[in-house]
Amino acid sequence: MNTAAGLLIPFAGTTLGAGMVFFMRGLNVRVEKLLNGFASGVMIAASVWSLLIPALDMSAAQGKVAWVAPSVGFLLGIFFLLLLDECIPHIHFLKSDTPEGPASKLKKTTMMVLAVTLHNIPEGMAVGVTYAGVLAANSGISLAAATALSLGIAIQNFPEGAIISMPLEAEGLSKSKSFLYGTLSGAVEPIAALITILLTNHVLKVLPYLLAFAAGAMIYVVIEELIPESQEGGHSNIATIGAAFGFVIMMILDVALG
């Protein structure tokens with residue numbers, strides 16, 4: 001039950017964020033940059049404290065050279081997301097350079113949802129692999145640490161849900177459809193988490209690789225998408241401040257609960 005609840009916490013964050021479409025009128029550019037920066041900070045901190053450090057500790061506890069498995073897993077995660085990025089058609093979160101019209105709006109909507117869905121895969125994997133560590137014996141990952149990661153991802157998903165649903169409503173979609181698209185973009189997370197658990201629950205030896213793999217995939221998203229978009233145009237300092245707060249909040253969550 002604890003694992004099931006933990007897998008659904010990030011999805012709840014996306015849903016709540018998408019629900020902001022019913023209460024707010026559009027997103028100010030400064031708010032968008034703040035939210036993107038905040039999401040970047042959370043993902044960087046989660047990658048370090050919740051994934052890479054446990055991967056190093058677990059690898060050392062297995063009697064191996066501590067840095068080998070995390071290094072290999074991290075690079076594999078980077079290249080896996082690079083491959084997905086090339087193979088799945090999508091547009092960046094805040095891009096709006098497609099032509100107008102009903103057909104193009106539908107295409108833009110679909111590609112925006114695909115973009116967020118793509119980026120939610122590593123987050124789901126990260127949650128799944130930490131809970132797999134909780135379920136496996138002698139992994140060194142506690143339920144509190146896994147819950148901290150779930151909460152951190154949920155906090156990061158809240159603005160992400162809003163960043164999807166509110167621009168879609170501004171493009172002419174109804175509030176209910178915009179909310180639905182924003183919510184569906186997060187549905188891949190518990191699915192990816194469950195698949196990861198099913199694949200790793202009985203293979204403790206590869207957990208350091210999988211933890212680092214999830215970290216690499218998340219860092220790819222931050223470097224490729226979130227940071228460049230948050231730094232475009234003016235008010236880039238707002239995104240930097242958001243990243244700092246996101247990083248500190250996730251660090252506190254992990255240290256306090258883990």
Side-chain angles (χ1 to χ4, degrees), residues 2-11 42-85 87-88 117-154 156-157 186-224 250 253-254 257-258:
N2 288 331
T3 300
L7 300 188
L8 291 174
I9 289 173
F11 179 61
V42 168
M43 292 177 75
I44 293 171
S47 297
V48 175
W49 268 271
S50 300
L51 297 170
L52 287 175
I53 292 178
L56 287 164
D57 293 340
M58 196 180 304
S59 184
Q62 292 176 353
K64 301 175 181 177
V65 179
W67 54 266
V68 172
S71 299
V72 172
F74 184 86
L75 291 175
L76 287 175
I78 292 284
F79 287 113
F80 176 71
L81 257 290
L82 176 62
L83 179 64
L84 287 184
D85 224 3
C87 295
I88 299 177
T117 301
L118 170 65
H119 298 155
N120 281 339
I121 292 174
E123 296 168 17
M125 290 175 60
V127 172
V129 76
T130 52
Y131 276 97
V134 173
L135 295 173
N138 303 318
S139 69
I141 300 178
S142 66
L143 177 62
T147 303
L149 177 62
S150 286
L151 288 172
I153 297 295
Q156 184 259 287
N157 283 349
V188 69
E189 285 197 23
I191 296 173
L194 181 59
I195 292 173
T196 304
I197 287 179
L198 293 175
L199 291 176
T200 62
N201 194 23
H202 302 292
V203 242
L204 182 60
K205 289 184 178 180
V206 300
L207 275 178
Y209 291 93
L210 293 173
L211 286 165
F213 181 94
M218 290 176 68
I219 292 296
Y220 177 90
V221 171
V222 173
I223 296 174
E224 174 70 14
M250 184 63 219
L253 270 177
D254 192 85
L257 297 181

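Sequence positions, counted from 1, serve as the residue numbers for this chain. Because the structure is predicted, anything quoted here is derived from the model rather than measured.
- In plain terms, the two heavy atoms of Val134 and Ala146 that are nearest each other are CG2-CB, 3.7 Å.
- The CE atom of Met125 sits 10.0 Å away from atom CG of Leu51, with the distance rounded to the nearest 0.5 Å.
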- Apply side-chain contact (heavy atoms from CB on, under 4.5 Å) to the pair Ile9 and Ile153, showing each step before the final yes or no. CA-CA 8 Å; Ile9 289 173; Ile153 297 295; over 6 Å; no

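- For Ser50 (side chain) and Leu149 (main-chain N/O), no donor-acceptor pair under 3.5 Å exists by modelled atom type.
- Here the CZ atom belonging to Phe11 is positioned 8.5 Å from the CD1 atom belonging to Ile191, to the nearest 0.5 angstrom.
- Looking at residues two or more places apart in sequence or on another chain, you find no ring-ring contact (aromatic ring centres under 6.0 Å, His included) involving Tyr220.
- The line from CD1 of Ile44 to CD of Gln156 is 11.0 Å long, rounded to the nearest 0.5 Å.
- Summarising the geometry, atom OG belonging to Ser150 is positioned 7.0 Å from atom CG belonging to Leu7; distances are rounded to the nearest 0.5 Å.
- In this structure, CG in Leu211 is found 10.0 Å from CG in Leu56, a value given to the nearest 0.5 Å.
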Sequence neighbours excluded and cut-off under 3.5 Å, please list the side-chain donor-acceptor pairs for residues 61-78, or say none.
residue: Gln62; atom: NE2; partner: Leu204; partner atom: O; Å: 3.4
residue: Ser71; atom: OG; partner: Trp67; partner atom: O; Å: 2.6

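- Without hydrogens or angle criteria, Ser47 side chain to Met43 main chain gives a donor-acceptor distance under 3.5 Å.
- When each of Leu199, Ile197, Leu198 is checked for a side chain to side chain contact (heavy atoms under 4.5 Å, CB included) with Ile195, only Leu199 meets the rule.
- You'll find the side chain of Pro122 reaches within 4.5 Å of the side chain of Val221, heavy atoms only.
- A pairwise comparison of heavy atoms in Val127 and Gly6 identifies CG1-O, 4.1 Å as the closest pair.
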- Evaluate the criterion side-chain contact (heavy atoms from CB on, under 4.5 Å) for residue pair Asn2 and Thr147; output intermediate values, then yes/no. CA-CA 9 Å; Asn2 288 331; Thr147 303; over 6 Å; no

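- Taking OG1 of Thr130 as the reference point, atom CG of Leu210 lies at 11.5 Å (rounded to 0.5 Å).
- Every residue meeting the side-chain hydrogen bond (donor to acceptor under 3.5 Å, both in side chains) condition with Asn157, not counting sequence neighbours, appears here in chain and number order: Thr14, Glu189.
- Summarising the geometry of Ile121 relative to Ala192, their closest heavy-atom pair is O-CB, 3.9 Å, with the distance given to 0.1 Å.
- Nearest heavy atoms, Leu207 versus Ala132: CD2-CB, 4.3 Å.
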